[in-house]
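Below is one structure, written out as structure tokens; the observations come after it.
Chain naming here is simple, since letters A, B, ... match the order of the sequence lines and numbering starts at 1 in each.
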Amino acid sequence: MLAVLKRPSSIVLALLVLLVPAGAVALASAGGPPEVAAEIAAQENTNTEANLDFLFAIYMITWAGFFAYIFVVSRRQRTMEREIKDLRQLLTEQMPSGQPGTGKG
Amino acid sequence: MVGAVGPKRAVWLVITAGLVLFTMWMIFEWAPTERNLGEIQRALYIHVPLAWISMVAVFIVASASVMYLITGKRKWDSVALATAETGVLVGTLMLVTGAIWAKPIWNVWWTWDAKLTTTAILWFLYVAYLMLRAFAPPGNQAYRMAAVVAILGAIDVPLVYYAADLWRTAHPELLIGPAAESSGLSSEMSITLLVSVVAFTSLYAYMVVDRYRVRQSENELGELKRDVRNLLYRPAAEPATAATMRGAVPAASGD
Amino acid sequence: MKVRGRVPLGPVWAVAKKDLLLEVRNREIVISLLVFSGLIFIIFNFAIELTSANRDTVGPGVLWVAVAFASVLGLNRSFIIEKDGNALDGLLLTPVGRDTILIGKTVGNFIFMAAALVILFPVFTALFDVNVLKIEVFVIALLTILGLATVGTMFAALSVNTRAREIMLPVLFLPIAVPILISAVEGTARVTEGGGWGDALQWIEILAAFDVIFIVAALLTFQFLLED
């Protein structure tokens, strides 16, 4: 019934993929509420939009790091669950009928 | 029971994702641009939460390790491992984001001030912790050793900071102004930062729980493998020679 | 977590004496400490130009880096000889606690380092023309090697059972030892630059604090470090 949520990583992944462009768009659109930005920029002699590429890199790297980790962990979880299932099956198959000697030994 | 995300965690995940999205909106739309630093100051809203999480992680790893040594329950070791591994990830991201932020502001990627020095040393310490866990022979002894290292590491933090701080003041001419960081935050900025800390902490907690569950699966898998080994090897010696060899059988099933 | 109320000194000394006797017979550890530190001196001599202007400030760094790296070798050795030939198993079979064994090993390692420094200090003074033969530096040196021996013995004990044990020890030990190394270098530099007790005092305080904290931590955690 929770079929959609069976893979939490895919949901997080999807959401985060959305975030990166969202951040980029926000940045590209002059960052911050326009009126505030204009006001502050007017008072300042520094270029507030300098170093946008650094800011972009910071957010990109962070999200990429989180992502990669979540992805790796969830993949490990899935392979292990499969292995656990297989081993369980093996054990239940073997126990009663497979090897008659098991029970005694 | 195995596998699927429980409803509670699904709700948690959705809330976290929503919160993170909202935080991103606050960071890039709602919070004003800082006067002196410009847009790059928005790095604060991700750098500070990462730093906060790293600190919390050190504390949790050490506490869980103490609990493990006291109780001997494996779940505490799993908590320590999950927190440490995710903590190293967050710590790495903190160092990297910090360096990228420092370059345009301080004009260097790195400076040996007390905070940075302490963080770098801590990072190495927790990487060593994970290496120890990977290299130690399997079993409870490895968990105990890891716990001791985690506790010693946490004890070391204030000493490293104090020594590094004193060392810096001993060379004042080399100080590169982290003072740039200390300019006051407006109330919108503070609120954004607070929300960001909450959002990232929630995301981090989710990751820790994820990792913790993987750890439990690892443990379960280890036990199953042992069962299977016992099952497969024990009967192997049984047939034919069983009558004569019965006494010598269990040797095959190592640990 | 059991904390033993009292550690018997007799067995501690017996373990230390065993190490010392072994060392007197084959002189493995102290000789390696000396040769290795001497080589680090030589290499540093090429790596950084020591002039009359900077030698009193930079020299102590060379000295303590050499001691720190050499101590890694010595500490590793002190447990590898126990592991080879399963001497450690024999030691664990004796009717004393693990903490007793490790305190004994710490005492032994401390004495080895002290013995090496007795020769290293005059050699360093002669090679680099930085006078470290001063009472303030001796106090700093004693506190430093006490800290290095305490922390180092703990980590040597736990790395000896791991794969890649010769990597695990420095990787664990050096980050933890950073406060001692900073303090040793800076404290010694204050003295070689011509200062007295007052100038080195804050560094000596950090060293003392480190030693006290980690000796207590060691006494509490030694029992967990050796395998069952």
(request) Any chance you could lay out the side chain to side chain contact (heavy atoms under 4.5 Å, CB included) test for B:Y206 and A:I70, step after step, and finish with the verdict? (result) CA-CA 10 Å; B:Y206 184 85; A:I70 291 172; 5.7 Å; no

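- Contact annotation for B:Y45: both backbone and side-chain heavy atoms come within less than 4.5 Å of a heavy atom of chain A.
- The two residues B:L93 and A:I61 make their nearest non-hydrogen contact at CD2-O, 3.7 Å.
- Separation of atoms OG1 (B:T97) and CE (A:M60) is listed at 14.5 Å; rounding is to 0.5 Å.
- How far CG of A:L87 is from CD of B:E220: 10.0 Å, rounded to the nearest 0.5 Å.
- Atom-to-atom distance recorded for A:Y69:OH and B:T92:OG1 is 11.0 Å, nearest 0.5 angstrom.
- To the nearest 0.5 Å, atom CD of residue A:Q77 and atom CZ of residue B:R213 are 6.0 Å apart.
- In this structure, CD1 on A:I58 lies 12.5 Å from CZ on B:R42, to the nearest 0.5 angstrom.
- We find that A:R76 and B:E85 are joined by a salt bridge, their nearest charged nitrogen and carboxylate oxygen being less than 4.0 Å apart.
- Residues A:L55 and B:F28 meet the side-chain proximity criterion, which asks for heavy atoms closer than 4.5 Å.
- For the pair A:G65 and B:L89, the tightest heavy-atom approach, listed with the atom from each and the gap, is O-CD1, 3.9 Å.
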(message) Walk me through whether B:S217 and A:E81 qualify under side-chain hydrogen bond (donor to acceptor under 3.5 Å, both in side chains).
(response) CA-CA 7 Å; B:S217 298; A:E81 272 164 14; 4.9 Å; no

(request) Test ring pair (Phe, Tyr, Trp, His ring centres under 6.0 Å) on B:F200 and A:W63 and set out the steps. (result) CA-CA 11 Å; B:F200 277 97; A:W63 286 122; 5.6 Å; yes

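- From A:L91, atom CG reaches atom CG of B:D227 across 5.5 Å, with rounding to the nearest 0.5 Å.
- Residues B:L224 and A:R88 approach most closely at CD1-CG, 4.1 Å, considering heavy atoms.
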(message) Between A:F54 and B:I105, does the side chain to side chain contact (heavy atoms under 4.5 Å, CB included) criterion hold? Intermediate values first, please.
(response) CA-CA 10 Å; A:F54 284 92; B:I105 299 301; over 6 Å; no

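- Looking at heavy atoms from C-beta onward, B:K225 lies in side-chain contact with A:E83 at the 4.5 angstrom threshold.
- Shown here are the ring-ring contact (aromatic ring centres under 6.0 Å, His included) partners of B:W123, two or more places apart in sequence or in another chain: there are none.
- Residue B:V228 touches chain A through both its backbone and its side chain, counting heavy-atom pairs closer than 4.5 Å.
- Shown here is B:W52, whose CH2 atom has no more than 12 heavy atoms of other residues, nucleotides or ligands within 6.0 Å.
- Neither the backbone nor the side chain of B:T16 comes within contact range of chain A, judged by heavy atoms closer than 4.5 Å.
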